[in-house]
**Student:** 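Have a look at the structure that comes next, please.
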Number of protein chains: 2
Amino acid sequence: MDQCITDIPRVRRGDVPLPQEEAIQRIASVTKAFSDPIRLKMVYLLSKQSDLCTCEFEELLDLSQSKVSYHLKILLDAGVIDREIHGSWSHYSLRNPKILEQVHALSQ
Amino acid sequence: MDQCITDIPRVRRGDVPLPQEEAIQRIASVTKAFSDPIRLKMVYLLSKQSDLCTCEFEELLDLSQSKVSYHLKILLDAGVIDREIHGSWSHYSLRNPKILEQVHALSQ
DNA sequence: GGTGTTTATCAACTTTTTTTGATTTGAATA
DNA sequence: TATTCAAATCAAAAAAAGTTGATAAACACC
């Protein structure tokens, strides 16, 4: 057989320590928040318009009210966006206004 | 009622142009690739050990062969990793060695 | 050729995520 | 107080993603 690049097996269990499971889960919850097209569009809209309420997402993305609430909650729980309540309205904004650039950098 | 921060409705469909659906989908495929704990660990391992074959992921993460192949394919299809075939072995490496830092920056 | 190794793929199943429509909650207004 | 409006929540259904064990393909070695 062709010589493998290096000897095999080269690394065994325990050779490379992994991060804490908790740290992995935290990162996964954030990347998961960005992994849905609807939520990416929401983040995009917030990067152009720094403050939007639920009904504006409905209007801009042509989505049902419960669908909008569902996705906003995922972004909120992941810490991607913040909510400010004014009367009956919920206003959302990006916690980090530069986040979209960082997401975009992942796919370059 | 409390005065809303601004008049409503403030923005309507078409007011904020969205990126092409295709561009959104491409970004989503990358963020989705990073949204699973197993795949995050794989990327982490590759950031510490620049080249690993399928069976090494099995050993290091204590996972079945088909599960490892399944997750590696998702990372490969998203363009996160590259594959080099040597005989019967498939060797994987990060397309962008700094990608883990960028992923980590998302959750800061 | 026959055997063993590494890896990918497949189909069936399980789990998770998303969607949908209805209901509930809280607040403003007539 | 009754009504209306914005938004969250719920339960059921649908869709997507992940897991599992088996099979297949490609290669090396005897």
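Within every chain, numbering begins at 1; the chains are lettered A, B, ... in the order of the sequence lines, protein sequences first and strands thereafter.
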**Student:** For B/His91 and C/dT6, give me the distance from atom NE2 to atom C1', rounded to whole Å.
**Tutor:**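 Distance, rounded to whole Å: 10 Å.
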**Student:** Please determine, for the side chain of A/Ser66, which listed nucleotide (C/dT7, C/dT20, D/dA7) has the closest atom?
**Tutor:**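 Within the option list, the nearest is C/dT20.
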**Student:** Can you tell which of D/dT9, C/dT6, D/dA7 lies closest to the side chain of B/Trp89?
**Tutor:** C/dT6
**Student:** Name the residue closer to the 5' end of DNA chain C, choosing between B/Ser69 and A/Ser35 according to the nucleotide with the nearest heavy atom.
**Tutor:** B/Ser69
**Student:** Distance check: side-chain N/O of A/Ser64 vs OP1/OP2 of C/dT19, anything under 4.0 Å?
**Tutor:**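 No, because none of the side-chain N or O atoms of A/Ser64 sits under 4.0 Å from OP1 or OP2 of C/dT19.
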**Student:** Measure the distance from NE2 on B/His86 to P on C/dA8 and round it to the nearest whole Å.
**Tutor:**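 Atom NE2 in B/His86 sits about 13 Å away from atom P in C/dA8.
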**Student:** Any chance you could measure A/Asp62, atom CG, to A/Lys67, atom NZ, to the nearest 0.5 Å?
**Tutor:**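 Atom-to-atom, A/Asp62:CG and A/Lys67:NZ are 9.5 Å apart.
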**Student:** Distance check needed: D/dG18 C1' versus B/Phe34 CZ, whole Å only.
**Tutor:** 19 Å
**Student:** Nearest-Å distance, CD (B/Glu84) to P (C/dT6)?
**Tutor:** 19 Å
**Student:** Expressed in angstrom and rounded to an integer, what is the separation of A/Tyr70 atom OH from D/dA12 atom C1'?
**Tutor:** 14 Å
**Student:** Considering every strand and a 4.0 Å limit on heavy-atom distances, what is the contact class for A/Leu76: base, sugar-phosphate, or nothing?
**Tutor:**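 A/Leu76: no heavy atom of the nucleic acid under 4.0 Å.
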**Student:** Return the set of residues passing side-chain hydrogen bond (donor to acceptor under 3.5 Å, both in side chains) with B/Arg83 (not counting sequence neighbours), or none when no residue passes.
**Tutor:** none
**Student:** A/Ile85 has an atom CD1; how far is it from atom C1' of C/dG26, in whole Å?
**Tutor:** 10 Å
**Student:** By nearest nucleotide on DNA chain C, pick out whichever of A/Lys67 and A/Lys32 is the more 5' one.
**Tutor:** A/Lys32
**Student:** Nearest to the side chain of A/Tyr92, which nucleotide is it out of C/dT7, D/dG18, D/dA7?
**Tutor:**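 Ranking C/dT7, D/dG18, D/dA7 by closest atom to the A/Tyr92 side chain puts D/dA7 first.
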**Student:** Could you state the CG-P distance from A/Asp77 to D/dT9, rounded to the nearest angstrom?
**Tutor:** 9 Å
**Student:** Is the shortest heavy-atom distance from the side chain of A/Leu60 to the side chain of B/Leu18 under 4.5 Å?
**Tutor:**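 Not touching, per the 4.5 Å side-chain cut-off.
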**Student:** Just checking, is any N or O donor in the side chain of B/Gln65 or B/Ser69 under 3.5 Å from an acceptor N or O on the other one?
**Tutor:**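 Looking only at side-chain atoms, B/Ser69 and B/Gln65 do form a donor-acceptor pair, the distance falling under 3.5 Å.
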**Student:** In whole angstroms, how far is the P atom of D/dA15 from the CG atom of A/Asp36?
**Tutor:** 16 Å
**Student:** Where the side chain of B/Ile38 is concerned, which of D/dT9, D/dT19, C/dT5 is the nearest nucleotide?
**Tutor:** D/dT19
**Student:** With a 3.5 Å cut-off and heavy atoms only, can you find an N or O donor on one side and an acceptor on the other between the side chain of A/Gln65 and the base of D/dA6?
**Tutor:** no
**Student:** For A/Asp51, is there an ion pair with B/Arg10 - N to carboxylate O distance below 4.0 angstrom?
**Tutor:**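 Yes, charged N to carboxylate O under 4.0 Å.
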**Student:** Using only side-chain N and O atoms of B/Arg83, determine if any of them is under 4.0 Å from OP1 or OP2 of C/dT7.
**Tutor:** no
